[in-house]
Amino acid sequence: MSEDPVVPAPAPEPEPVSPPEPTAEELEAANDALVDKDLRRRTRRGFIVAGAYAAAGLAGWKWLNSRAREGDVPWPYRRVLEFNERLWGDLYSASRLSPTFDPSRVTRPARVNGGIGMSESYDAENWRLAIEGAASPLSLTMDDLRALPQREMTTEFRCIEGWSTIAHWTGARLADLIAKFPPREAVRYVALETPGRGYYVGLDFASAMHPQTLLAWALNGEPLTWQHGAPLRLAIPIKYGVKNIKRIATIRYTNIRPADYWGERGYDWHCGH
Ligand SMILES: Nc1nc2c(c(=O)[nH]1)N[C@H]1C(S)=C(S)[C@@H](COP(=O)(O)O)O[C@H]1N2
Ligand SMILES: [Mo]
């Protein structure tokens, strides 16, 4: 008994770019010396129509790729992306709860990734969180934030690059902050920015109000380190890591969809998972 020889799978045949095969009926007629002229004409017309479709397909493809590019994607593709994003935003972000874990499962040491917008030194003593778009502009201290109900959660942290960890977060719900310092008018988005706006993310309002969206000041039971975004960062387990902005200096309520650092570089604006 010998094993089957390993035969490499044949490469898939490329789809022939040719008109459809004539039907059996047409072939029979074509082979017939007494073929009826009308049938010949119809067969010919079939070929011409198929050829025209093939040419239109090629022209369409060329057209698609020659369209103006938005963020390096031809705009018709971008429209499809945006449609998908709308579906995502409307259907999923508000209702779903991200799974939670026993705190004993946290990944130690916590992984560090991404330091955009974090190079400027910050003054821990005089650190302030600016809120724009409330009844009046606000400048909150860490004590103002700690006055909100404190929440804890152990959730998965997923980076879009393919790794994930389990993290335990301590902080306040962004929803509680929004309830205490509400927007002056109904808005659709919340923008968050680092000092100097080196890194910035946008959230649809439902994601901002999600019960697991925290303004966190501690990770795995320790105050945030500089690398993890001290003194305040976002923990939003319904989204990929990119939305978990570190070192938040400004929160703005807005009706204009906020620019998003990685969204501007080709990633899905919502970045849910
Ligand atoms: N300010 C700032 N926040 C950021 C980033 C960044 O480059 N700058 N990177 C993001 C990405 S891609 C990830 S995966 C997480 C990593 O968070 P961590 O370092 O706490 O693991 O931070 C996010 N928040
Ligand atoms: Mo990431």
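Note on ring orientation: taking the six-membered ring where Trp is involved, the planes of Tyr267 and Trp262 are perpendicular (angle over 60°, cut-offs 30° and 60°).
Between atom CG of residue Leu203 and atom SG of residue Cys271 there is a gap of 11.0 Å, rounded to the nearest 0.5 Å. For the atom pair Thr170 OG1 and Glu152 CD, the distance stands at 3.5 Å (nearest 0.5 Å). Note that CG of Asp260 is 7.0 Å distant from OH of Tyr199, once rounded to the nearest 0.5 Å. Going from atom CG of Leu219 over to atom CG of Leu224 covers 6.5 Å, rounded to the nearest 0.5 Å. Between the CG atom of Leu174 and the CD1 atom of Ile178 there is a distance of 4.0 Å, given to the nearest 0.5 Å. Taken from NZ in Lys243 to CD1 in Ile160, the straight-line distance is 9.5 Å, to the nearest 0.5 Å.
Annotation: Arg188, atom CZ; neighbour count of heavy atoms from other residues, nucleotides and ligands within 6.0 Å does not exceed 12.
Side chains of Pro137 and Ile131 form no contact here, defined as non-hydrogen atoms less than 4.5 Å apart. Put simply, the side chain of Tyr253 does not reach to within 4.5 Å of the side chain of Glu132, judged on heavy atoms.
Residues Ile166 and Ile236 are members of separate hydrophobic clusters, defined by side-chain heavy-atom contacts under 4.5 angstrom among Ile, Leu, Val, Met, Phe, Trp and Tyr. Tracing side-chain contacts under 4.5 Å through hydrophobic residues (I, L, V, M, F, W, Y), one reaches Phe157 starting from Leu214; they form part of the same cluster. Ile238 and Tyr240 fall within a single hydrophobic cluster, where Ile, Leu, Val, Met, Phe, Trp and Tyr side chains are chained together by heavy-atom contacts under 4.5 Å.
Without hydrogens or angle criteria, Arg128 side chain to Ser139 main chain gives no donor-acceptor distance under 3.5 Å. Without hydrogens or angle criteria, Lys246 side chain to Gly115 main chain gives no donor-acceptor distance under 3.5 Å. No donor-acceptor pair closer than 3.5 Å links the side chain of His228 to the backbone N or O of Pro223. Side chain of His210 to backbone of Gln212: a donor-acceptor contact under 3.5 angstrom is found. Not one N or O on the side chain of Asn113 forms a donor-acceptor pair closer than 3.5 Å with the backbone of Glu161. The closest donor-acceptor contact from the side chain of His270 to the backbone of Lys239 lies at 3.5 Å or more, if one exists at all. Remark: side-chain polar atoms of Arg247 are paired, donor with acceptor, to backbone N or O of Trp226 under 3.5 angstrom. Proximity of a side-chain donor or acceptor of Asp102 to a complementary backbone N or O of Arg105 within less than 3.5 Å is not detected. In terms of modelled atom types and a separation under 3.5 Å, the side chain of Thr254 and the main chain of Ile256 share a donor-acceptor contact.
Nearest heavy atom pair, residue Trp217 against residue Leu232, reads CE3-CD1, 4.0 Å. Arg158 and Ser164 make their closest contact through CG-CB, 3.6 Å (heavy atoms, listed as atom of the first residue, atom of the second, distance). Minimum interatomic distance between Ala179 and Pro182 (heavy atoms only, all atoms of both residues): O-CD, 3.7 Å. For His168 against Pro103, the heavy-atom pair with the smallest separation is ND1-CB, 4.2 Å. Residue Val201 comes nearest to Val242 through the heavy atom pair CG1-O, 3.5 Å, listed as atom of the first residue, atom of the second, then distance. When every heavy atom of Pro231 is checked against every heavy atom of Tyr122, the shortest pair comes out as CD-CE1, 3.5 Å.
Note on Asp176 versus Arg151: salt bridge recorded, some NZ/NE/NH1/NH2 to OD/OE distance being below 4.0 Å.
Looking only at atom types and distance, the side chain of Tyr261 has no donor-acceptor partner in the side chain of Glu193 under 3.5 Å away.
Ring pair Tyr189/Trp269: centre-to-centre distance below 6.0 Å.
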Q: I would like to know whether Lys180 and Asp144 meet salt bridge (Lys or Arg N to Asp or Glu O under 4.0 Å); could you show each step before the answer?
A: CA-CA 11 Å; Lys180 191 165 180 182; Asp144 294 330; over 6 Å; no
